[in-house]
Amino acid sequence: MNVHVYERFWMWVGAGIVVVFLAFIGITTVGYGVRPPSHIETIPDPSQTLSDPRFAQQGVTTLPDGSVHVTMVALMFTWLPAEIHVPAGKPVTFRLASQDVTHGFEIAGTNVNTMVVPGYVSQLTTTFDRPGEYLIVCNEYCGTGHHTMGGKLVVEAAP
Ligand code: CUA
């Protein structure tokens with residue numbers, strides 16, 4: 001079969017692009033830990049989130065092994081609690097749920113960014129290396145007060 005030289009050229013270019021894309025997926029997955037959340041945990045009635053035993057008490061808990069758990073509830077138009085303090089250099093696990101509509105939990109300047117969908121528990125673990133103050137924003141339009149839905153994360157240097 002005779003394939004024209006231009007045809008052959010573009011076939012190789014096409015194949016090369018596919019290889020580059022696959023390589024990027026591999027590098028970001030293995031090297032940078034970029035992957036979709038795989039945690040599946042539900043809340044039968046989102047409107048009862050605040051009385052759910054998993055979310056009735058919000059705030060920061062330190063476990064015996066030194067890791068930190070943060071429990072937060074999103075509701076129009078605030079985060080509960082709106083200010084949290086966590087240590088630098090320790091794994092921090094966030095557990096979030098929404099009482100009403102879909103919100104977006106983003107900590108500006110970090111890789112923390114997850115949707116908070118009513119009826120589901122959003123969970124992610126990260127480590128903050130740089131002490132300082134970080135802005136928590138809502139990045140999913142959730143109503144007329146969406147732009148006011150902010151919070152503060154304080155990463156404290158290890159003593
Ligand atoms: Cu909550 Cu936008």
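Being a predicted model, the structure only gives us computed values, none of them experimental. Whatever order the structure lists them in is the order used to number ligands and atoms, beginning at 1. Heavy-atom basis, side chains included; hydrogens, waters and symmetry copies ignored.
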Without placing hydrogens or testing angles, list every side-chain donor-acceptor pair under 3.5 Å for residues 76-88, not counting sequence neighbours.
residue, atom, partner, partner atom, Å
Glu83, OE2, His85, NE2, 2.8
His85, ND1, Glu156, OE2, 2.8

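Residues Arg54 and Val121 are in side-chain contact: their nearest non-hydrogen atoms beyond the backbone lie under 4.5 Å apart. Residues Met72 and Val70 form a side-chain contact, since some pair of their non-hydrogen atoms from C-beta on lies under 4.5 Å apart. For the pair Asn2 and His4, the minimum side-chain heavy-atom distance is 4.5 Å or more.
Between Phe128 and Phe94, the ring-plane angle classifies as perpendicular under the 30° and 60° cut-offs.
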Query - Pair Ser98-Asp100, side chain to side chain contact (heavy atoms under 4.5 Å, CB included): steps then yes or no - result: CA-CA 6 Å; Ser98 171; Asp100 39 47; 3.6 Å; yes

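Protein N/O/S atoms found under 2.8 Å from atom 1 (Cu) of ligand 1, listed by chain and residue number: His103 ND1, Cys138 SG, Cys142 SG, Met149 SD.
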